[in-house]
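Numbers restart at 1 for each chain; the letters A, B, ... are given by sequence-line order, proteins then strands.
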Amino acid sequence: MTTPDDAPKFRYTGALAQEIELRWQDRWETEGTFETPNPAGPLADPDRIAGRPKVFVLDMFPYPSGTGLHVGHPLGFIGTDIYSRYKRMTGYNVMYTMGFDAFGLPAEQYAVQTGQHPAITTNANVTTYRRQLRRLGLSHDARRSVSTTDPAYYRWTQWIFSQIFNSWYDTDGGRDAGPEEGRARPIDELVEQFASGRRPTPDGRPWSDLSAAERGTIIDGYRLAYVSDAPVNWCPGLGTVVANEEVTADGRSDRGNFPVFKRNMRQWMMRITAYADRLLADLDLLDWTDAIKAMQRNWIGRSEGATVHFQSPAGPISVFTTRPDTLFGATFMVLAPEHPLVDALATPDRRQVVAQYRQQAASKKDIDRQDDTREKTGVATGAYAINPVNGESIPIWIADYVLMGYGTGAIMAVPCGDQRDFEFARLYGLPIPAIQQPPELGLDTSTWENAFIGDAPYVNSSNGSLDLNRITSVAEGKRLTNEWLEANGHGVAAVTYKLRDWLFSRQRYWGEPFPVVYDSHGNPHGLPDSELPLLLPETDSFSPRTFDPDDEFSNPESPLDRLEWWTNVELDLGDGPQSYRRDTNVMPQWAGSCWYELRYLDPTNEQHFVDPEVERYWMGPQEVGNGGHPHPGGVDLYVGGVEHAVLHLLYARFWHKVLFDLGHVSSKEPYYRLFNQGYILAAAYKDAREIYVEAAEVIERDGAYYHGDQLVTREWGKMGKSIKNAVTPDDICQSYGADTLRLYEMAMGPLDASRPWETRDVVGMYRFLQRLWRNVVDEETGELAVLDNPADADTQRLVHRTINGVRDDMDALRFNTAIAKLIELNNHLTKLGGCPADIAEPLVLMVAPLAAHVAEELWSKLGHDTSLALEPFPVADPALLVTDTVEYPVQVNGKVRGHITVAADLDAAGVEAAALADPKVATSLAGAAPKKVIIVPGRMVNIVA
RNA sequence: GCCCGAGUGGCGGAAUGGCAGACGCGACGGACUCAAAAUCCGUUGUCCGAAAGGGCGUGUGGGUUCGAGUCCCACCUCGGGCACCA
């Protein structure tokens, strides 16, 4: 906005807003306005805590990219800031700060691109982010800001890794003591169980007879962090392995979109599957949206059923089924082509066909294999298995619709009761006997179009000792079959999950080094805490070795592998100085974000990752939490994007539960209430060559879009520099000020909805602040200029209604409607010609959480020499929320035909009489007698004629 | 295919089952100005009407109700997630 020369000197312009904002930002920092006291530890200030409830408000911390912030990034941050400011003004001790998730692939790639060490680029980016965020007036406690790349921080990431490495999951934790459910316990307690003989060794030999190496191998098999040689996702294009959660549905990498191949490799895994049940069950404790809970449930993918053993020439084959009740209908088996028994099963005459099919399946990319429109394929092995319920001999096939990665990699095929098996049986002419009699379908399955799934009477389902023929319920059928299987040793009730263990190592440079060394036998040893932090070694050779994206058989090379001076180390781990080799992997980007909220609480503590008392205060369970109901513990409000539904949010819950089991934290879950903010979308424009053009230069004419003379096409998406539609907060702050930007972002719509950015619309909030300013300050002199007379009764009532409404809106994060109410009040004051003296303070205090800087400035003009950050938020006077008279709309047959104004305490008969007496209502009735009159007190009258 | 959401003026969006369209943008008219911008005042769902007033209106079709944007059923469209998961 250009400021005209002849404009009033103290008009609220972009320039004045900036001056006010920078001044108050400095003052907040100097005075430590937003420094939050702890009950104990280095940041303790118990006096300032006494008698105040606490609230922990958390943003998903950003990854500091090289391009800085655009206006889409701070949407959630502004929301949490407003909420935090409001909570402070209503008496809460508020935990609110910001950190940086700065390890990981993007930071490393940016460094490689710019040829600078990632530590340098990361620091520069963090500095830019801090400047941009400060400019928005966010009320963070700056002392608590952390970066995951800071050795003082990752020291504790490594420490937590060591805790996980040095623990095991006791599946019946109740046996010794403690909770009935399973839980993580220190590995020493497992060693003690073996040593005392309470837990037998795998081969039954006494613990004392085992060599150190043998003991180590047994113990390593129990650790929650373990090295495994199993199929992992190898991404040659990135030069690293990645987690299941980082692979997209079409078999490519989340980052970079390179092909990913399943390969057996020796890698670090985290035993998150041990927590599958608790991760699932404890979702019920959380105040999250059903959408996110559904995504997590789906990812964990719990299925109840049974494992059933079939006899075959190559030994027993176990299958998992969710429908043990359909065993009588199992007429063939299908193994995944990769199943280890396939070679042994194939009969001589089938060997060549089987080998061919296996090769064909192996060469298929995941993307092809997952195309479910494809017709099913498979070949018979020539071998037969025995169905345990009826002793029938059934053929064993292999087919790629059975996946090695789920269940046991083998299925019993029940063509009448499973659509996939049905299709396969039809295709290859396999029998489809009916074992249920579905309503309206005959027992002749050749007339069926699909498999039948549901409750129906069983038929042909009896073997003498198990008889389902008389029942109709699938649940009952499952129960009876499971009992029979267990009683006869043919199987056992079982639960299967889609969730896999978490692949935790990356062949990169820019991450936390593993606090692990290997001895000469290749056995891993955790470093003692005294060796932490294990610093990331300095080197110029930080580029990862990447490969042709399609080169499946390339092998990963960690950058740290090249640093001989670092990898070879002499250490005394309790049995004298010995040579070791360091682990040359680094942790994935998710490691640092698995626990950062805990470090915010006690960022400078060098003895603990967080002081236990401090953790209890901010995160502990509460019998009566905010809002009056019990609070199971965790962050009170966590705001961030939905894209982390199954990555960060699952990993962080897992780590937190381990820390809980080991007694390091008091809360079962890290994030009690999760709120997913929407995205700011922006239009991007492409010219005829499909090249993006600067969105800011595009103009609209007659419904079409032009860049210069060129016709361009519009599309909506996220903002980004690469698609030339990024608007930076700096631009908007320069033109209008941060307060206008904050209001605009909040007024655009509800916080959880995505909305398109329109720079054109920003001016609306600017005008609001300008009017607000003018209602309190003389534009010519800059002096306070409120009306001398006190507010009239109507104005008073409006103020108190507004207070009431704004409070409700703030509590519910409805900042858009809070702003609308304040604008309404301000518009009313504008009509009065200014702000009556007695309502200036409540007005300014209500604006304060939203437009913090201008509110502070007005507050000081009102004669206060301290910040309003801790002033009490106005409280509505209940007496002013009710009125003497009330206006009723009067409907005739549901249509509004008139209005009456009557005394608020008039009884129903009186209201009815007044309504019927209204001339417009009488006209509408046209003499007809009312059949019925509905009166909703204080609300509405409806006359049925 | 399955699981979540969402469909309201020219646009962003408001509405404990009770006056649909708060608030903002834009547009139109006016004030100020030589003029424009900025600022201020007013109008603005749509159709009929000079007006008073009236008809129609929340994706579609049914239903519940004195009364439905809101609740129920079926469907359509869009967005997101999962997907041969046994």
Side-chain angles (χ1 to χ4, degrees), chain A residues 1-4 6-8 11 13 249 289-295 297-299 301-303 305 319-323 326 334 369-374 376 399-403 405-414 417-421 423-424 496-498 642-643 645-646 703 716 743-744 747-750 752-765 767-768 770-771 774 779 808 814 816-824 826-827 830-831 887-899 920 923 930-936 938-945:
Chain A
M1 289 302 101
T2 51
T3 307
D6 56 349
R11 171 162 290 174
T13 59
T289 62
D290 289 339
I292 297 281
K293 287 187 182 184
M295 282 190 231
R297 287 193 186 104
N298 187 38
W299 190 262
R302 185 181 200 273
S303 299
V319 304
F320 175 74
T321 176
T322 55
R323 292 291 303 276
T326 62
V334 186
R369 211 168 144 166
Q370 286 179 354
D371 177 8
D372 62 353
T373 59
R374 194 169 58 91
K376 291 186 171 45
D400 65 4
Y401 81 91
V402 174
L403 309 173
Y406 184 74
T408 62
I411 62 161
M412 62 179 214
V414 182
D418 181 282
Q419 187 59 27
R420 294 153 302 179
D421 300 344
E423 288 167 18
F424 194 80
T496 294
Y497 302 90
K498 280 199 271 181
V642 71
E643 72 271 21
V646 290
W716 289 95
L743 284 177
Y744 172 63
M748 287 163 89
D752 56 359
S754 293
R755 63 302 285 284
W757 176 269
E758 285 286 0
T759 300
R760 188 176 72 175
D761 292 357
V762 175
V763 71
M765 294 302 116
R767 287 180 192 146
F768 161 53
Q770 215 165 49
R771 277 174 225 168
R774 194 157 40 227
E779 286 191 325
D808 286 349
R814 289 189 305 251
N816 53 332
T817 51
I819 291 167
K821 290 179 174 83
L822 288 167
I823 293 175
E824 267 184 277
N826 192 55
N827 286 349
T830 303
K831 286 204 171 67
E887 191 191 77
Y888 281 88
V890 181
Q891 295 181 338
V892 176
N893 292 330
K895 289 195 167 145
V896 178
R897 297 299 179 182
H899 291 87
K920 285 181 180 167
T923 310
K931 285 186 193 136
K932 191 174 176 186
V933 178
I934 292 110
I935 294 166
V936 184
R939 277 253 165 234
M940 129 98 49
V941 178
N942 190 13
I943 299 165
V944 186

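Among the heavy atoms of the strands lying under 4.0 Å from Ala820(A) is at least one base atom, whether or not backbone atoms are also near. Backbone-only engagement by Ser754(A) is indicated by non-hydrogen atom pairs under 4.0 Å involving sugar-phosphate atoms exclusively. Here Ile823(A) lies in heavy-atom contact (under 4.0 Å) with sugar-phosphate atoms only. Within the 4.0 angstrom heavy-atom criterion, base atoms lie near Asn942(A). Here Gln419(A) lies out of heavy-atom contact (under 4.0 Å) with every strand. Counting any heavy atom pair closer than 4.0 Å across all strands shown, Thr830(A) reaches sugar-phosphate atoms only and no base atom. In this structure, Lys293(A) reaches neither bases nor backbone, as no heavy-atom distance under 4.0 Å exists between it and the strands shown. Counting non-hydrogen atoms under 4.0 angstrom, Asn893(A) reaches nothing in the nucleic acid. Gln891(A) comes within 4.0 angstrom of a nucleotide base, judged by non-hydrogen atoms across all strands.
For G1(B), the paired nucleotide is C82(B), the pair qualifying as Watson-Crick or G-U wobble because both relevant distances are below 3.5 Å. Of all nucleotides present, none satisfies the Watson-Crick or G-U wobble test against U70(B) with each distance under 3.5 Å. Across all strands shown, the partner of G42(B) is C28(B), judged by Watson-Crick or G-U wobble contacts whose two distances both fall under 3.5 Å. The pairing partner recorded for G53(B) is C48(B), the criterion being a Watson-Crick or G-U wobble arrangement whose two distances lie under 3.5 angstrom. Pairing partner, G21(B): none, since no Watson-Crick or wobble contact has both distances short of 3.5 Å. For A14(B), there is no paired nucleotide, since no Watson-Crick or G-U wobble pair has both relevant distances below 3.5 Å. Base pairing analysis places A6(B) opposite U77(B); the two distances defining the Watson-Crick or G-U wobble pair are each below 3.5 Å.
Applying the side chain to side chain contact (heavy atoms under 4.5 Å, CB included) test between Leu743(A) and each of Ile823(A), Ile819(A), Val762(A) identifies Ile819(A) as the sole match.
If you check G42(B), C85(B), G53(B) against the side chain of Lys920(A), the one that comes closest is G53(B). Closest contact between the side chain of Arg897(A) and the listed nucleotides G54(B), A86(B), C66(B) involves G54(B). Of the candidates C84(B), G12(B), C3(B), the closest approach to any side-chain atom of Arg420(A) belongs to C84(B).
The shortest non-hydrogen separation linking Val890(A) to Ile943(A) is CG1-CD1, 3.8 Å. The nearest pair of heavy atoms linking Pro889(A) to Arg939(A) is CD-O, 3.2 Å. Nearest approach of Ser303(A) to Tyr406(A), heavy atoms of both residues: OG-OH, 3.2 Å. Residue Ala645(A) comes nearest to Ile292(A) through the heavy atom pair CB-CD1, 3.8 Å, listed as atom of the first residue, atom of the second, then distance. Nearest heavy atom pair, residue Met748(A) against residue Pro756(A), reads CE-O, 3.2 Å.
Look at Lys895(A) and you'll find a side-chain N or O under 4.0 angstrom from OP1 or OP2 of C56(B). At C40(B), one or more side-chain N or O atoms of Arg774(A) fall inside 4.0 Å of OP1 or OP2 (strictly under the cut-off). At the phosphate of C23(B), neither OP1 nor OP2 sits under 4.0 Å from any side-chain N or O atom of Asn826(A). Contact annotation: Ser303(A) reaches the phosphate of A86(B) (side-chain N/O to OP1 or OP2, under 4.0 Å).
Position along RNA chain B of the nearest nucleotide to Met940(A) versus Glu758(A) favours Glu758(A) as the more 5'-ward residue. Each of Met412(A) and Arg771(A) was assigned the nucleotide of RNA chain B with the nearest heavy atom; the assignment lying further toward the 5' end belongs to Arg771(A).
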Inset, instruction - Begin from the C-alpha positions of Thr759(A) and Tyr744(A) and carry the test side-chain hydrogen bond (donor to acceptor under 3.5 Å, both in side chains) through to its verdict. - result: CA-CA 10 Å; Thr759(A) 300; Tyr744(A) 172 63; over 6 Å; no
Inset, instruction - Please step through side chain to side chain contact (heavy atoms under 4.5 Å, CB included) for the pair Ile934(A) and Val941(A), ending with a clear verdict. - result: CA-CA 6 Å; Ile934(A) 292 110; Val941(A) 178; over 6 Å; no
Inset, instruction - Using the side chain to side chain contact (heavy atoms under 4.5 Å, CB included) rule, take Leu822(A) and Phe768(A) through it: C-alpha gap first, then chi angles, then the decisive distance, then the call. - result: CA-CA 9 Å; Leu822(A) 288 167; Phe768(A) 161 53; 4.2 Å; yes
Legend entry - Derivation and outcome, side chain to side chain contact (heavy atoms under 4.5 Å, CB included), residues Met412(A) and Thr326(A): CA-CA 10 Å; Met412(A) 62 179 214; Thr326(A) 62; 3.7 Å; yes
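The same atom, P, is picked in C72(B) and in C4(B); the two are 13 Å apart, to the nearest Å. Between U46(B) and G21(B), the two P atoms lie 14 Å apart (nearest whole Å). Taking atom P in both C66(B) and G29(B), the straight-line distance is 50 Å, to the nearest Å. Using atom C1' as the reference point in both U16(B) and G1(B), the two lie 38 Å apart (nearest Å).
Judged by a 6.0 Å distance limit and a 45° cone about the ring axis, Lys376(A) is not positioned over the six-membered ring of Phe424(A).
Judged by atom type and distance alone, Lys931(A) does not reach the base of C66(B) through any side-chain donor-acceptor pair under 3.5 Å.
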All N/O contacts under 3.5 Å from nucleotides 14-16 of chain B to the protein, with atom names and distances to one decimal?
| residue | atom | partner | partner atom | Å |
| --- | --- | --- | --- | --- |
| A14(B) | OP1 | Asn816(A) | ND2 | 3.0 |
| U16(B) | O4 | Arg939(A) | NE | 2.7 |

Inset, instruction - Would you give a per-nucleotide map of nucleotides 26-32 of chain B, 5' to 3', where B means the base has a protein non-hydrogen atom under 4.0 Å away, S means only the sugar-phosphate does, and - means neither? - result: S------
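Applying the 90° criterion around 0 to the glycosidic angle, G21(B) comes out anti.
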